[in-house]
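Quick notes on the structure that follows.
Bear in mind the structure is a predicted one, so any value in this text is a computation, not a measurement. Hydrogens, waters and symmetry mates play no part in the numbers below; they use all other heavy atoms, side chains included.
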Amino acid sequence: MIRYARMLALSLVVLLGAIAASAAWAQVAVSPQIYTIDLDKPNQTWSFRLMNFTKTPKQVVVSVINWTMDAQGNVIEIAPTEQSLAPWLQINPTTFTLPAEGSQVVRFAIRPAVPLTPGEHRAMIYFTEQPEADHPKGTIQALFRLGSAVYARVPPYTMQGEILSAKPDAHGVNFEVRNTGNATARMIGTYVVWRQGAIPASGPWPAQLGQSDFKAPSGLAASGQLTPDAVLPGLTRSVRLVFDAKPGLAPGKYVLYLRGTFGTPNVDRKLAFVVPASAKP
């Protein structure tokens with residue numbers, strides 16, 4: 001569902017001191033980064049695997065919060081209620097030593113003490129490194145904090161994503177989107193950008209699009225996957241799709257095509273736009 005191998009989606013790296021954050025990103029990873037679960041069967045369990053790529057063991061504490069998202073897609077912690085998912089997560093273990101160049105499995109179950117209403121219930125599980133008690137004084141220690149989101153859905157639920165506006169430019173598209181359903185929606189699909197007048201008579205979608213050996217035909221300026229950013233129920237937010245064209249589209253006239261789904265609804269759009277001569281590559 002997401003591009004996820006070692007990506008740290010919805011992940012935070014907490015640095016104590018002014019050191020390069022890029023070094024910390026490669027030190028640890030968690031898989032999967034996101035769970036989407038249908039709560040239609042009792043007594044299920046799921047698991048994360050936390051991986052340490054360094055030669056140093058790390059002390060880790062696991063915690064869980066209730067959360068929502070703002071219009072820019074930032075995670076915001078909010079107080080839990082009886083209908084929140086966070087209070088009903090049972091996690092094991094909650095503290096452990098992550099071995100050097102090793103891994104640790106962390107399991108969780110969802111055991112609500114009250115019936116959860118239809119729709120989506122979310123929690124964020126954080127894996128937080130603890131400071132070393134014997135860390136040398138006067139030196140800087142980098143600590144990680146990784147967050148993995150759990151989306152639990154109680155039937156019946158709907159994912160009703162809607163594109164309110166789409167504004168293409170030389171480097172991508174700014175979308176304003178909303179979700180009128182009761183479960184998170186994501187845009188899943190592909191896009192192509194053609195130079196105006198170069199679209200084949202057979203249509204804008206090349207047969208080999210998305211395959212590893214795909215070679216862009218003449219006139220195809222950019223192509224790729226739609227951005228699968230989460231749009232929570234009831235939320236209106238901004239989403240940015242970045243074209244694969246480097247360093248950007250040259251000045252000229254173009255046509256953008258979108259094809260896929262946004263939750264349940266289909267996405268099928270055609271947008272003509274102009275990259276002005278003043279646009280910077």
Side-chain angles (χ1 to χ4, degrees), residues 1-15 21 24-25 27-39 44-52 58-96 98 103-114 116-117 119-130 143-154 157 159 179 181-186 227-235 237-239 263:
M1 180 179 164
I2 310 265
R3 312 170 238 176
Y4 303 105
R6 286 185 184 172
M7 251 179 91
L8 302 180
L10 290 173
S11 298
L12 300 174
V13 176
V14 178
L15 297 178
W25 286 95
Q27 291 181 352
V28 292
V30 60
S31 180
Q33 281 75 43
I34 294 176
Y35 261 109
T36 301
I37 297 167
D38 280 3
L39 293 180
Q44 297 183 84
T45 59
W46 300 269
S47 64
F48 294 98
R49 182 175 292 274
L50 194 64
M51 293 160 282
N52 182 4
K58 300 177 183 296
Q59 303 300 316
V60 180
V61 170
V62 185
S63 59
V64 60
I65 66 166
N66 187 37
W67 65 280
T68 187
M69 186 178 287
D70 65 17
Q72 286 70 48
N74 300 309
V75 171
I76 301 172
E77 182 175 357
I78 56 176
T81 68
E82 189 178 61
Q83 284 293 310
S84 301
L85 189 66
W88 313 124
L89 260 64
Q90 298 178 358
I91 302 172
N92 184 43
T94 56
T95 61
F96 56 88
L98 182 60
S103 64
Q104 171 71 45
V105 173
V106 176
R107 295 180 173 83
F108 72 94
I110 301 172
R111 302 285 187 264
V114 298
L116 297 180
T117 57
E120 182 177 275
H121 304 263
R122 294 177 302 277
M124 185 75 71
I125 298 177
Y126 280 117
F127 305 90
T128 305
E129 183 182 5
Q130 302 302 291
L143 304 176
F144 69 82
R145 188 187 190 208
L146 308 181
S148 291
V150 178
Y151 300 81
R153 305 182 300 197
V154 177
Y157 56 84
M159 301 168 287
N179 179 3
N182 63 357
T184 292
R186 292 179 171 85
T227 178
D229 291 17
V231 184
L232 303 190
L235 183 67
R237 63 164 295 194
S238 301
V239 172

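Proximity of a side-chain donor or acceptor of Thr81 to a complementary backbone N or O of Gln83 within less than 3.5 Å is detected. Remark: the backbone N or O of Leu50 is not paired with any side-chain donor or acceptor of Gln104 at under 3.5 angstrom. A donor-acceptor pair under 3.5 Å is formed between the side chain of Tyr35 and the backbone N or O of Ser47. The backbone N or O of Asn179 sits nowhere less than 3.5 Å from a side-chain atom of Arg237 that would complete a donor-acceptor pair. Under a 3.5 Å cut-off, the side chain of Glu120 and the backbone N or O of Thr184 do form a donor-acceptor pair.
Note that CH2 of Trp88 is 13.5 Å distant from CG of Leu39, once rounded to the nearest 0.5 Å. For the atom pair His121 NE2 and Tyr151 OH, the distance stands at 14.5 Å (nearest 0.5 Å). Taking CG from Leu143 and CD from Glu129, the interatomic distance works out to 5.0 Å, rounded to the nearest 0.5 Å.
Ring geometry, Phe48 versus Phe108: the interplanar angle falls under 30°, so the pair is classed parallel (tilted spans 30 to 60°).
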Query - Worked verdict on Asp38 versus Arg153 for side-chain contact (heavy atoms from CB on, under 4.5 Å) - result: CA-CA 5 Å; Asp38 280 3; Arg153 305 182 300 197; 3.0 Å; yes
Requested in this report: Test side-chain contact (heavy atoms from CB on, under 4.5 Å) on Leu89 and Ile110 and set out the steps.
Outcome: CA-CA 5 Å; Leu89 260 64; Ile110 301 172; 4.0 Å; yes
Report task. Take Ile125 and Val62, measure what side-chain contact (heavy atoms from CB on, under 4.5 Å) needs, and give me the verdict at the end. Result -> CA-CA 7 Å; Ile125 298 177; Val62 185; 3.6 Å; yes
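The local environment of CZ in Arg107 is sparse, with at most 12 non-hydrogen atoms from other residues, nucleotides or ligands closer than 6.0 Å.
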